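The block underneath contains the structure these notes are about, expressed in structure tokens.
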Amino acid sequence: MGDKSVIKWQTGTPKHTCTCLITTKYNIVEVDVHTSKPIEWSGDHWLKHCDTDVIAWFEIESIEPFKF
């Protein structure tokens, strides 16, 4: 297995709406969508998580497909 895939996690807040892999403060990796405006009913920017629960993110669109 010579080919490796590395995720370069980002911290802080994404600058635009995007679908991301996230790491939560509970050490769980999940997929969530970040919105540029706060969600009205929660005040958070992530559809499934509180802003304070997300410690790192990586935009899924940045993942290169497997090459065979």
Side-chain angles (χ1 to χ4, degrees):
M1 290 200 195
D3 294 337
K4 293 183 180 181
S5 180
V6 177
I7 294 177
K8 295 181 181 176
W9 293 100
Q10 305 290 313
T11 57
T13 304
K15 294 185 178 12
H16 58 279
T17 298
C18 56
T19 303
C20 300
L21 285 177
I22 63 164
T23 299
T24 70
K25 67 182 182 182
Y26 307 106
N27 204 30
I28 297 172
V29 175
E30 294 185 321
V31 174
D32 203 347
V33 175
H34 180 271
T35 62
S36 55
K37 294 182 181 177
I39 301 163
E40 185 176 317
W41 53 267
S42 70
D44 292 309
H45 292 85
W46 297 96
L47 293 183
K48 297 189 296 185
H49 294 85
C50 296
D51 288 349
T52 56
D53 289 346
V54 177
I55 59 170
W57 56 273
F58 183 79
E59 192 171 346
I60 288 179
E61 290 85 7
S62 300
I63 298 174
E64 291 187 33
F66 176 76
K67 295 178 181 139
F68 52 96

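Owing to the predicted nature of the structure, the values given are computational and were not obtained by experimental measurement.
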Enumerate the side chain to side chain donor-acceptor pair (under 3.5 Å) contacts for residues 21-30, please, sequence neighbours excluded, ordered by first and then second residue. K25-D53, E30-H49
Which one of I39, I22, V33 satisfies the side-chain contact (heavy atoms from CB on, under 4.5 Å) criterion with W46? I22
Examine V29 and I55 and state if one hydrophobic cluster contains both, with Ile, Leu, Val, Met, Phe, Trp and Tyr joined whenever side-chain heavy atoms are less than 4.5 Å apart. no
What residues form a salt bridge (charged side-chain N to carboxylate O under 4.0 Å, His left out) with E64, not counting sequence neighbours? K67
Pairs where residues 37-46 contributes a residue and the test salt bridge (charged side-chain N to carboxylate O under 4.0 Å, His left out) is met, not counting sequence neighbours: none
Mind checking the OG1-CG spacing from T35 to L47? Nearest 0.5 Å is all I need. 6.0 Å
With W57, which residues qualify under ring-ring contact (aromatic ring centres under 6.0 Å, His included), at least two apart? none
Donor-acceptor pairs under 3.5 Å, side chain of residues 10-19 to any protein atom, not counting sequence neighbours: which ones?
residue : atom : partner : partner atom : Å
Q10     : NE2  : K8      : O            : 3.3
H16     : NE2  : E59     : OE1          : 3.4
H16     : NE2  : E59     : OE2          : 3.4
T17     : OG1  : S36     : N            : 3.2

Considering all heavy atoms of both residues, which atom of P38 and which atom of G43 are nearest to each other, and what is their separation? CB-O, 3.6 Å
My understanding is that only residues two or more places apart in sequence, or in another chain, count here; which of them pass side chain to side chain contact (heavy atoms under 4.5 Å, CB included) with I7? W9, L21, F58
Can you list the other members of the hydrophobic cluster that holds V6, where links are side-chain heavy atoms under 4.5 angstrom apart? none
